[in-house]
A.B. asks: 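Questions regarding the structure given below will be posed in turn.
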Amino acid sequence: LEIEITGDTDETFVDLLRERMWEIQSSQFNYQKLADQLSAIFVPVVLLLAGATFGGYLLLGSPINEALLLAMTLLVVSCPCALGLATPMATMTAFEALLERGVAPRDAGAFEQRSSFETLVFDKTGTITTDELTVETNGASPESIRRAAAVESRANHPLARSIEALVDDPPEVTNFREHSGEGVVGRVHQQDVFVGNTDLFDRHDLTVPEDIRKQYDRARRNGSIPVLVGWAGQARDVLILEEQVRDELKSVLDYAKEQ
């Protein structure tokens, strides 16, 4: 077993997540900047007034404990620290609530700009849909299904798990390659097997028969996920994956429209 490390030790997912959280907590938005500017004036003024109150009552002959009580009352009532602490504390609480729900804002400005949002963009797979997909073999041959399941068993994409589950004992795969946004390729029975979209097949000059291309295009128009399977220079079959929309999606979209 040979393992090759292609990244630095300080570029792990945990390190990137920690860096992102530090950037979020360090960022400020306009309300917080305004609060900091007011605090720079308000706090010294309150301290001066408290000192003047203490000194003034002493000059008027009041006991020291009464003068101190009045000065402390002024400090407590005005509470200058709250102006500088309330906004960042509210921001931290909001961040924590979002992270518990699986949402990671890029910076603090997201809270301030939320009211001006006109477009919400969602990742589809695993976000507005569940991780459970159904696979329609669409009349594919058992050999196509076995080869597709074998190659997808080496892939990391959530879609791969559904295709892999079609076969209990897939054949061995060697020389596996993953092409981001297109699909995967692996060597099965001494032949390169291609599993992916038309971009993958076109880029490797694999022929897609007209009937298979029509099935592929029709599935895309219907909102399904078609996956081509091919080897020896041409596509052999197309598998069609159907995603299940989360039950709570409608209520989320209705809530977003009301805001």
Side-chain angles (χ1 to χ4, degrees), residues 7-54 65 67-133 156-159 161 180-181 243-259:
D8 296 333
T9 55
D10 58 351
E11 293 180 354
T12 64
F13 176 77
V14 175
D15 290 319
L16 293 176
L17 182 60
R18 181 178 58 190
E19 181 180 351
R20 171 60 59 190
M21 291 308 303
W22 174 255
E23 290 176 357
I24 292 174
Q25 294 180 8
S26 301
S27 62
Q28 290 185 330
F29 52 100
N30 292 335
Y31 289 144
Q32 185 169 342
K33 293 176 181 178
L34 177 61
D36 291 342
Q37 292 172 356
L38 292 176
S39 296
I41 300 173
F42 184 64
V43 173
V45 170
V46 170
L47 292 176
L48 287 174
L49 289 175
T53 300
F54 178 73
N65 58 339
L68 183 60
L69 176 62
L70 291 171
M72 293 300 296
T73 301
L74 177 60
L75 285 175
V76 172
V77 171
S78 61
C79 195
C81 296
L83 184 62
L85 294 177
T87 303
M89 286 296 294
T91 302
M92 291 289 292
T93 303
F95 278 142
E96 182 179 357
L98 286 175
L99 290 175
E100 288 177 353
R101 291 165 174 78
V103 179
R106 294 182 62 87
D107 55 59
F111 298 106
E112 187 178 35
Q113 299 168 6
R114 188 188 67 85
S115 60
S116 62
F117 288 170
E118 295 182 354
T119 303
L120 290 177
V121 181
F122 294 93
D123 175 64
K124 180 167 66 72
T125 303
T127 302
I128 64 175
T129 63
T130 65
D131 293 331
E132 300 176 358
L133 295 95
N156 295 320
H157 197 279
L159 301 180
R161 303 287 75 79
S180 179
E243 294 184 285
Q244 306 299 316
V245 177
R246 293 183 181 273
D247 295 335
E248 60 270 27
L249 177 62
K250 185 179 184 304
S251 62
V252 170
L253 295 179
D254 290 340
Y255 175 80
K257 291 177 181 179
E258 294 172 358
Q259 301 307 303

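These numbers were taken from a predicted model, which means no experiment stands behind them.
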A.B. asks: Kindly give the heavy-atom pair with the smallest separation between A50 and A71, and that separation in Å.
C.D. replies: O-CB, 3.4 Å
A.B. asks: Test side-chain contact (heavy atoms from CB on, under 4.5 Å) on F54 and L68; report intermediate values, then the result.
C.D. replies: CA-CA 6 Å; F54 178 73; L68 183 60; 4.0 Å; yes
A.B. asks: Calculate, to the nearest 0.5 Å, the distance between atoms CG and OG1 belonging to L74 and T53 respectively.
C.D. replies: 5.0 Å
A.B. asks: So, taking the atom named OG in S251 and the one named CZ in R246, what distance separates them when rounded to the nearest 0.5 Å?
C.D. replies: 12.0 Å
A.B. asks: Heavy-atom count check: over 12 atoms from other residues, nucleotides or ligands less than 6.0 Å from N65 CG?
C.D. replies: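 Yes, enclosed.
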A.B. asks: What do the steps show when you test L49 against L75 for side-chain contact (heavy atoms from CB on, under 4.5 Å), and what is the final call?
C.D. replies: CA-CA 9 Å; L49 289 175; L75 285 175; over 6 Å; no
A.B. asks: F122 and L253: side-chain contact (heavy atoms from CB on, under 4.5 Å), yes or no, with the steps?
C.D. replies: CA-CA 11 Å; F122 294 93; L253 295 179; 4.0 Å; yes
